[in-house]
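One-based numbering, in listed order, for ligands and for the atoms of each. Along the sequence shown, the residues carry numbers beginning at 1. Small disclaimer: the values here were computed from a predicted structure and weren't measured.
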Amino acid sequence: IPPRHVTARVAPLSSTLVLALVEDRTRERRVESIRRDFVANVSHELKTPVGAIRLLSDAVVDAKDDPEAVQRFAARMHTESERLARLVQQIIELSRLQGDDPLDEPVAVEVDAIISRAIDENSTDAGAKGISLVHNGERGLTLLGNREQVAVAIGNLVANAVAYSPEGSSVVVSARPGETTVDLTVTDQGIGIPANEIDRIFERFYRVDPARHRSTGGTGLGLSIVKHVAASHGGDVRVWSVEGQGSTFTLTLPRKTPTTSIDPSPGTTT
Ligand code: ADP
């Protein structure tokens with residue numbers, strides 16, 4: 001059958017359908033460009049610690065007759081390799097998160113356990129700075145979603161609170177119920193975030209003036225992971241901060257109430 005004939009038998013595309021197809025193509029192109037940017041950023045971010053480790057290992061060889069210098073270079077190699085390990089781990093985490101939709105098969109997640117875990121995971125770093133980690137707020141709440149994702153998100157917020165706080169301060173993690181949501185809040189008495197930077201901190205690899213942190217610095221991926229987890233749960237994340245006084249991050253996620261069903265949406269196979 002000549003193609004023209006076939007075309008003649010197809011109902012004309014409605015304008016809505018055409019629009020939807022165009023939007024779909026636009027979206028596809030946008031996703032593709034985000035992916036390309038991400039790969040470019042990742043390559044750039046990985047090259048920095050890898051390059052530093054290479055230079056430092058040359059320096060160790062050159063300084064073999066100066067034990068003090070060897071010590072110093074070795075310590076910096078250790079710091080850089082830890083940074084590299086953190087980067088790789090967070091990149092893997094981010095790409096894994098992007099692959100699954102937590103609302104496909106939500107489970108009941110106990111908030112107290114998630115908070116305790118985040119506090120445990122950060123207790124060594126907090127202890128080293130004499131920072132007290134406090135679990136406050138309402139107990140016994142349950143949310144709906146993906147346990148691993150929520151744990152990673154709260155863990156990242158607590159890790160940041162510890163990293164950007166002075167010695168001897170406190171970090172408070174608490175939960176508060178809304179009607180259909182749970183607010184998970186992490187408050188610190190740390191360095192705070194300048195008002196003109198606050199819109200950008202959730203961007204991938206974005207760091208507020210890396211010079212103000214010690215060189216051990218983070219990856220700039222922690223908050224983009226938190227934002228992704230919030231969005232994929234149909235929730236959100238907000239920040240309130242005063243430079244020099246502290247910050248409060250609030251992650252809002254769907255709450256499991258006695259009447260919420262945790263059955264996956266119709267049509268999903270289990
Ligand atoms: P990083 O690995 O650098 O911590 P994040 O994505 O977690 O990356 O955070 C992005 C930037 O936002 C950080 O580099 C830091 O400048 C700022 N930031 C995040 N959390 C806090 C906080 N609790 N207090 C002050 N600044 C923060």
Side-chain angles (χ1 to χ4, degrees), residues 34 37-38 41-42 44-46 48-49 52 79-98 115 118-119 121-126 128-134 136 149-174 183-232 236-251:
I34 290 172
D37 281 357
F38 182 57
N41 281 339
V42 164
H44 174 79
E45 295 289 330
L46 290 176
T48 311
T79 306
E80 289 296 334
S81 58
E82 280 195 328
R83 188 177 138 68
L84 183 60
R86 234 179 1 251
L87 252 174
V88 169
Q89 186 210 336
Q90 291 204 313
I91 289 166
I92 292 170
E93 228 154 53
L94 196 59
S95 66
R96 212 183 47 207
L97 292 183
Q98 284 166 340
I115 293 180
I119 287 180
E121 281 171 2
N122 287 285
S123 60
T124 310
D125 289 346
K129 291 173 81 177
I131 292 176
S132 46
L133 292 175
V134 183
N136 243 344
Q149 290 200 10
V150 176
V152 165
I154 293 298
N156 286 355
L157 291 178
V158 176
N160 280 348
V162 170
Y164 302 115
S165 288
E167 306 211 340
S169 61
S170 315
V171 170
V172 180
V173 190
S174 60
D183 280 353
L184 295 163
T185 303
V186 180
T187 299
D188 64 54
Q189 304 165 323
I191 58 177
I193 300 153
N196 62 339
E197 305 266 8
I198 222 154
D199 287 343
R200 302 204 58 194
I201 56 170
F202 292 96
E203 290 172 20
R204 283 177 189 146
F205 298 115
Y206 191 78
R207 310 195 64 215
V208 178
D209 179 14
R212 76 179 183 149
H213 315 315
R214 278 193 221 110
S215 58
T216 52
T219 59
L221 283 176
L223 287 179
S224 62
I225 291 175
V226 177
K227 185 178 162 194
H228 188 87
V229 170
S232 66
D236 67 25
V237 55
R238 279 157 295 142
V239 54
W240 174 93
S241 186
V242 178
E243 218 182 344
Q245 285 184 29
S247 312
T248 295
F249 285 82
T250 302
L251 175 63

*Distance-only, no hydrogens or angles: does the Asn156 side chain make a donor-acceptor pair with backbone N or O of Gly222 under 3.5 Å?*
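Checking the backbone N and O of Gly222 against the side chain of Asn156, a donor-acceptor pair under 3.5 Å is found.
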Which of the numbered atoms in ligand 1 are below 4.0 angstrom from a heavy atom of [X]?
X: Ile193; value: 25 (C), 26 (N), 27 (C)
X: Val208; value: 14 (O), 16 (O)
X: Tyr206; value: 10 (C), 11 (C)
X: Gly220; value: 1 (P), 2 (O), 3 (O), 6 (O), 8 (O)
X: Thr219; value: 1 (P), 2 (O), 3 (O)
X: Leu221; value: 6 (O), 8 (O)

_For Val226 and Leu157: C-alpha separation, side-chain torsions, deciding distance, then whether side-chain contact (heavy atoms from CB on, under 4.5 Å) applies._
CA-CA 8 Å; Val226 177; Leu157 291 178; 4.1 Å; yes
*asked:* Regarding Glu93 and Arg96, does a basic nitrogen lie under 4.0 Å from an acidic carboxylate oxygen?
replied: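 The answer is no: the pair does not qualify as a salt bridge.
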*So which of Asn160, Val162, Thr248 gets nearest to atom 20 (N) of ligand 1, if we judge by its closest heavy atom?*
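That would be Asn160.
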*asked:* Nearest non-hydrogen contact with atom 25 (C) of ligand 1 belongs to which option: Phe202, Tyr164, Phe205?
replied: Tyr164
*asked:* Contact between ligand 1 and Ser247 is defined here as a heavy atom of the residue under 4.0 Å from a ligand atom; is it met?
replied: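 Ser247: in contact with ligand 1 (<4.0 Å).
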*Consider ligand 1: state whether an atom of it lies below 4.0 angstrom from any non-hydrogen atom of Phe249.*
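Yes; Phe249 lies near enough to ligand 1 that a heavy-atom distance drops under 4.0 Å.
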Taking C-beta and beyond as the side chain, do [X] and [Y] meet within less than 4.5 Å on heavy atoms?
X: Leu46; Y: Ile91; result: yes
X: Arg204; Y: Leu221; result: yes
X: Leu223; Y: Phe249; result: yes
X: Phe202; Y: Ile225; result: no

_For Glu45, all residues meeting salt bridge (Lys or Arg N to Asp or Glu O under 4.0 Å), sequence neighbours excluded_ = Arg83
_So for ligand 1, is Ser224 a polar contact partner (N or O within less than 3.5 Å, distance only)?_
no
*Report yes if Gln90 has an N/O atom closer than 3.5 Å to an N/O atom of ligand 1; otherwise report no.*
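By distance alone, the answer is no.
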